[in-house]
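This is a predicted model, so every value here is computed, not measured.
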Amino acid sequence: MKKLFLLLIGCIISYPFFAQVSLPVYLDDSQSIEDRIEDALSRMTLEEKVKMVHAQSKFSSAGVPRLGIPDNWMSDGPHGIRSEVLWDEWNNAGWTNDSCMAFPALTALAASWNPEIAALYGKSIGEEARYRNKNVLLGPGVNIYRTPLNGRNFEYMGEDPFLASAMVVPYIRGVQENGVAACVKHFALNNQETDRHTVNVTVDDRTLYEIYLPAFKAAVHEGEAWAIMGAYNKYKGQWCCQNQYLLNDILRDEWNFDGVVVSDWGGVNNTLHAIYHGLDMEFGTWTDGLTKNKSHAYNYYYLANPFLELLRSGEVKVEELDKKVRNILRLVFRTTMNRNRPWGSFATTEHGEAARRIAEEGIVLLKNENQVLPIDLKKAKKIGVIGENAIKMMTIGGGSSSLKVKYEISPLDGIRNRIGSEAEVLYERGYIGQFEAYQDGIKSPQNLSDSRSEEELFTDAIQLAKEVDYVIFVGGLNKHGGQDCEGADRKSLELPYAQNELISALAKENKNLVVVLISGNAVSMPWIKEVPSLVEAWYCGSEAGNALARVLVGDVNPSGKLPFTFPVKLSDVGAHAVGDYPGTDKEQTYREGIFVGYRWNDKNNIKSLFPFGHGLSYTKFSYGKAIVSNQTMTEDETIIVKIPIKNTGDRPGKEIVQLYVGDVKSSLPRPEKELKAFEKVSLNPGEEKVVEFTIGVNNLQFYDDFRNEWVAEPGKFQVYLAASCEDIKSTVEFELR
């Protein structure tokens, strides 16, 4: 009673304050989501609605406190949950409890070719976002790998639309089971960083539908994504964040997307286009275009006061605003107002184990002559680790995917952790890149300064190579601008910092050389014939070093395969051979059309450095003869293709069986073959399994841009069972009637 009395006295004393505050009107959550949306919408004022469609801080938008509707909180990115930033700044806010687990970059995930691993990835990162009370995760990215110079390729899932589709769906589902929306990006045709804010992309409809849209469509139809982010570039002369063709005609009308469309930060450029061309939520705008980076300028956004004035004057009907608010409310009811939403977890041991598993499945063994790998610890007494990337932090930098991490195991530390008690591990830097990593107020704690000259570093590395049993060179790219980084493309296909010369010199001094590349992009390799063993280790996050070490010594049998082609030279890439990359006068035409990646190589009989789908193992697999269930099928039927595969080596391993389909004769030009199915098979030594695939008419279609529909023409089709797009193991043929 005493507590109740004091509470009443407090209310009376503070009455003037209470009188000015509206208590929340709690909405009836026994209704369906659509009923609840209409209920909430009917209670909102015009001003409250407008506040919901634009940002109120760098990463949040307003709710309606009067109705108990919470704010929306977004977070980069696809590889880990970004640290908290100041309200109106990009800089880190200085919290001490927001250090996340860094998961491998999405190129590494795609290289796993394992949808189960993608589900684990989505579930784990979704738990981290939920724990930090974010209701929108700004990722994953599924833009197609068109050129190896794109600085942002490391955030995406490779060159093939089928592979990207298969991997993005379980990721989305894993994120959203935590009550966090996956915001799939960047829709669409955001395939370069050069001129990304201004370039207008010209692409024919067939190429758009066959290459650049399928992963987004799968995200909507199969993943049931709750959010989509627009891209910076233009398509058909309209910015993609306010694009009638992409957002209204395709996303809403064709695909029936019922989620929310979010602008990329700074991707909105016009109030009327933003109103009518499919955008729901505006973030990151440089105010009204008159004054860049004006402080606390959120009311000046295109969908803020300018929108409100048009509504009040009657020039724009309220129904245009209501469309947007309905989508935002649907997001809210699916996430923050879902009473069954789990609590999540953050930077846990389990998430570290998940990050390591994802990395282990994605690391690709590209070459292994003379069985240099796995390292024989019975013979290796001294191991030399050389290269800046063996010690350099890779979680800071790269743009919006930059992270503040709980920990990051470097390759050198991972190797020492695993084999330091069995062999002496010595280190030399070998070359100098950038001294430090820094972004958004987060600075690497490493001191990478070195008083030695480039010549001295080179000489010391060569001397070490002469004295050890094995050399592990860890090089590649990094997250600095102009390499694997948002905002700028690479200048060339070459490795930076004179690494090519160093690798060649090391190969002359030690026959047990292992080259480990850390990158999210293909690089040229003038030394490839000199190097016996080569590993693509990607950007693998917090557990990068531990995962790499376990692969190098054979605790884990590598099973990753490339999600994109490694070309010998840039002119072997369609975008560079016939395209006008990076564009002329802000106009970029995709002249190579549907022939992207291995499709281009097949068409032009070009041999790759390493082909799409390539990856070796420490064991061997033999493929039997493929058989097809029927020689003919109709559009209403399916056929079954089976192929036996056996582990003929002495180690357990995983092989990725790939199925490609080619149309023998077509009225329109088609690729020689296209990936249409795959399965990752785990086999013990001597074990054999029969892998079975189902082919339906959807696997045979192409997009006819004259008829504006998907078409499967009657005739013969070739089915290729393969270990990579260039390593065909068996073929079968059938006819569509």
Side-chain angles (χ1 to χ4, degrees), residues 108-120 163 166-167 356-379 418 514 532-538 547-563 610-628 640-660 675-694 719-732:
L109 174 61
S112 76
W113 291 62
N114 190 339
E116 292 181 3
I117 286 292
L120 173 65
L163 176 61
M167 297 301 289
R356 193 195 74 244
R357 281 187 59 198
I358 297 162
E360 290 170 355
E361 289 250 352
I363 291 172
V364 183
L365 179 62
L366 292 174
K367 184 180 179 182
N368 195 25
E369 290 182 353
N370 305 321
Q371 294 184 317
V372 171
L373 290 176
I375 294 171
D376 187 346
L377 294 178
K378 293 179 181 179
K379 297 179 180 178
R418 174 60 185 85
V514 180
S533 191
L534 175 63
V535 175
E536 174 56 66
W538 315 111
L548 175 62
R550 284 166 57 83
V551 168
L552 293 178
V553 302
D555 295 341
V556 172
N557 194 344
S559 62
K561 296 207 174 191
L562 292 178
F610 291 105
F612 172 81
H614 171 74
L616 304 177
S617 171
Y618 296 150
T619 191
K620 295 180 180 179
F621 301 98
S622 67
Y623 286 70
K625 184 175 177 57
I627 59 172
V628 62
I640 307 298
V641 178
K642 297 180 180 180
I643 188 167
I645 180 170
K646 184 176 182 178
N647 183 342
T648 58
D650 57 3
R651 290 172 177 265
K654 297 177 182 179
E655 172 68 334
I656 299 162
V657 184
Q658 301 160 43
L659 183 147
Y660 298 82
L675 181 72
K676 294 299 180 182
F678 64 87
E679 185 171 335
K680 195 164 194 175
V681 187
S682 181
L683 295 168
N684 290 316
E687 184 180 5
E688 182 177 88
K689 289 182 180 179
V690 176
V691 181
E692 183 176 302
F693 299 105
T694 300
V719 179
Y720 306 85
L721 284 303
S724 80
C725 73
E726 292 183 7
D727 187 6
I728 309 301
K729 300 296 186 180
S730 185
T731 61
V732 292

For this session: Indicate yes or no: at least one non-hydrogen side-chain atom of Ile627 is less than 4.5 angstrom from one of Val732.
Result: no
Exercise. What distance do Leu548 atom CG and Ile363 atom CD1 have between them, rounded to the nearest 0.5 Å?
Worked result: 5.5 Å
Exercise. Does the side chain of Tyr623 come within less than 4.5 Å of Glu655's, by heavy atoms?
Worked result: yes
For this session: State, yes or no, whether a side-chain contact exists between Phe693 and Val657 at a heavy-atom distance under 4.5 Å.
Result: yes
Problem set entry | Ionic contact status for Glu361 with Arg357, cut-off 4.0 Å | no
Problem set entry | Separation between CG of Asp555 and CZ of Arg418, rounded to the nearest 0.5 Å | 4.0 Å
For this session: State, yes or no, whether a side-chain contact exists between Leu373 and Val535 at a heavy-atom distance under 4.5 Å.
Result: yes
For this session: Write down the atom of Leu675, the atom of Ala677, and the distance for their closest heavy-atom approach.
Result: CD1-O, 3.4 Å
Exercise. Does any N or O in the side chain of Lys689 come within less than 3.5 Å of the main-chain N or O of Ser682, such that one atom is a donor and the other an acceptor?
Worked result: yes
Exercise. Got a sec: does the NZ of Lys620 have more than 12 other heavy atoms crowding it under 6.0 Å?
Worked result: no
For this session: With rounding to the nearest 0.5 Å, note down the distance linking OG in Ser730 to CD1 in Ile645.
Result: 12.0 Å
Exercise. Minimum heavy-atom separation for Leu721 to Ile643, with atom names?
Worked result: CB-CD1, 3.6 Å
For this session: Answer whether the closest heavy-atom distance between the side chains of Asp727 and His614 falls below 4.5 Å.
Result: no
Exercise. What's the spacing between Leu366 CG and Leu616 CG if we round to 0.5 Å?
Worked result: 7.5 Å
Problem set entry | Contact summary for Thr648 and Ser622, nearest pair of heavy atoms | CG2-OG, 3.4 Å
For this session: Provide the closest heavy-atom pair for Asn647 versus Gly653 in the form atom of the first, atom of the second, distance.
Result: ND2-N, 3.8 Å
For this session: Please report the C-alpha distance between Val719 and Val628 in whole Å, then the side-chain angles of each, then the deciding distance to 0.1 Å, and finally whether the side chain to side chain contact (heavy atoms under 4.5 Å, CB included) criterion is met.
Result: CA-CA 9 Å; Val719 179; Val628 62; over 6 Å; no
For this session: Look up atom NZ in Lys561 and atom CZ in Phe678, then write down how far apart they are to the nearest 0.5 Å.
Result: 12.0 Å
Exercise. In this structure, are over 12 heavy atoms from other groups packed under 6.0 Å from Glu687 atom CD?
Worked result: yes
Problem set entry | Validation row: Gln658, Trp113 side chains within 4.5 angstrom (heavy atoms) | yes
Seminar exercise, completed: By side-chain hydrogen bond (donor to acceptor under 3.5 Å, both in side chains), Glu679 pairs with (sequence neighbours left out) none
For this session: Please name all residues satisfying side chain to side chain contact (heavy atoms under 4.5 Å, CB included) with Lys676, sequence neighbours left out, ordered by chain then number.
Result: Leu659, Val661, Glu674, Asn699
For this session: Output, in order, the C-alpha distance, side-chain angles, deciding distance and verdict of side chain to side chain contact (heavy atoms under 4.5 Å, CB included) for Ile656 and Phe621.
Result: CA-CA 10 Å; Ile656 299 162; Phe621 301 98; over 6 Å; no
Problem set entry | Inter-residue atom distance Ile358.CD1 - Ser112.OG, 0.5 Å rounding | 8.0 Å
Problem set entry | Donor-acceptor under 3.5 Å (Tyr720 side chain, Cys725 main chain) | no
For this session: Over 60° means perpendicular and under 30° means parallel, so classify the ring planes of Tyr660 and Phe612, tilted if in between.
Result: perpendicular
Problem set entry | Closest non-hydrogen atom pair, Val364 against Gly615 | CG1-CA, 3.8 Å
For this session: Measure the shortest side-chain to side-chain distance between Pro115 and Met167 over non-hydrogen atoms and say whether it is less than 4.5 angstrom.
Result: yes
Problem set entry | Minimum side-chain heavy-atom gap Leu365-Ser533 below 4.5 Å | yes
For this session: For Ala722 and Ile728, work out which heavy atoms get closest and say how close.
Result: CB-CD1, 3.7 Å
